[in-house]
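A short worksheet on the structure shown next.
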Amino acid sequence: MASARQGLFITLEGGEGSGKSTQAHALKALLEKAGRTVTLTREPAGCPLGQRVRELLSEPSLQLDARSELLLFVAGRAQHVAEVIRPALERGEVVICDRFGDSSVAYQGYGRGLSPDDVRLANRIATQGLVPDLTVLLDVPVETGLARKAGEDAPDRIGQEGAEFHQRVRQGYLALAADEPQRFLVVDATLAPEEITRTIWRWLEPLLA
Ligand code: TMP
């Protein structure tokens, strides 16, 4: 599947309140200034099916086993890859995606306790083996991230989980990054947003050549 790709695929990952969307927008602006066409997208809501999945997941009355939750995220991902991400890469664009398969490994694997290998397998089926060229992990202490989100809209199913769940997610992300240091850039997300953007850009610029 990699043979069909000409563009560059960048994903942003991190726990609640890690500042992913701020960085996604800042990177898009820098890339466009450098003359690149950018598709900025996100999961779970990056395509109509993903939006429906997000709505389902936020229905408080709906009973959802961890496996059903995983498969809903993964179904949204399959459609998102087919409908948005792969076509943009084939057009030679830079795709910036706010959350991707690593979110399922961190949240449904490490957070909910499903086997991380099973989650990876589900991701492989959904993405047909599409792997990001660069994944930026915005690492933030759980208390800091949750405090940043405190004033926002009512928390969804996952936002309602306690600090211990989010600690497992954070440790899961750090384990993923340690496993694949060539793909992951881990950034301290307590730094000033502009400093974080500069750090990511230093990594990203050589990949544009
Ligand atoms: P967000 O739109 O604020 O990033 O919220 C999405 C929520 O869904 C966030 O709490 C992380 C969670 N999530 C998963 O648990 N698994 C996934 O695969 C994805 C994409 C998101």
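Counting from 1, the numbers follow the sequence of the chain as shown. Just the heavy atoms: all of them, side chains too, but no hydrogens, waters or symmetry mates, feed the values below. In listed order, ligands and their atoms are each counted from 1.
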Count I, L, V, M, F, W, Y as connected when their side-chain heavy atoms are under 4.5 Å apart, and connections chain through other members. Are Y173 and V136 then in the same cluster?
no
Any heavy atom of E69 sitting closer than 4.0 Å to ligand 1?
no
Minimum non-hydrogen distance to atom 2 (O) of ligand 1, winning option of R54, R99, H166:
R54
Can you tell me if S104 and R77 form a side-chain donor-acceptor pair at under 3.5 Å?
yes
Partner of I96 by side chain to side chain contact (heavy atoms under 4.5 Å, CB included), out of T39, L31, T11:
L31
Is R86 salt-bridged to E90, cutoff N-O under 4.0 Å?
no
Ligand 1 contact by H80, heavy-atom criterion under 4.0 angstrom:
no
For atom 16 (N) of ligand 1, grab the closest protein heavy atom and report residue, atom and distance to one decimal in Å.
Q108 OE1, 2.8 Å
Can you pull out the closest protein heavy atom to atom 6 (C) of ligand 1? Residue, atom name and distance to 0.1 Å, please.
P44 CD, 3.9 Å
Got the closest protein heavy atom to atom 7 (C) of ligand 1, with its distance?
D156 OD2, 3.9 Å
Protein heavy atom at shortest distance from atom 21 (C) of ligand 1
F73 CE2, 3.4 Å
Give yes or no for whether the N/O distance cutoff of 3.5 Å, strictly under, is met between R42 and ligand 1.
yes
I'd like to check L72 versus Q108 (side-chain heavy atoms, cut-off strictly below 4.5 Å). Are they in contact?
no
Out of all atoms in ligand 1, which are within 4.0 Å of some heavy atom of S104? Include the element for each.
17 (C), 18 (O)
For atom 20 (C) of ligand 1, the closest protein heavy atom turns out to be R77 NH2, 3.6 Å
Heavy atoms only, cut-off 4.0 Å: how does K149 contact ligand 1, side chain, backbone, both, or neither?
side chain
Distance-only donor-acceptor hits, side chain of residues 192-200, under 3.5 Å, sequence neighbours excluded:
| unit_1 | atom_1 | unit_2 | atom_2 | d |
| --- | --- | --- | --- | --- |
| T197 | OG1 | Q23 | OE1 | 2.7 |
| T197 | OG1 | P193 | O | 2.9 |
| T199 | OG1 | E195 | O | 3.0 |

Just to confirm my output: which protein heavy-atom neighbour is closest to atom 12 (C) of ligand 1, and how far is it?
I158 CD1, 3.7 Å
R157 near ligand 1, heavy-atom distance under 4.0 Å?
no
Look at the aromatic rings of F165 and Y107 and report parallel, tilted or perpendicular, splitting at 30° and 60°.
tilted
With a 3.5 Å distance limit and no angle check, can you tell me whether R99 reaches the backbone of G14 through a side-chain donor-acceptor pair?
yes
Considering only non-hydrogen protein atoms, determine which one is nearest to atom 9 (C) of ligand 1 and report residue, atom name and distance to 0.1 Å.
E16 OE2, 3.6 Å
Looking at T135, V186, V105, D98, which one forms a side chain to side chain contact (heavy atoms under 4.5 Å, CB included) with E13?
T135
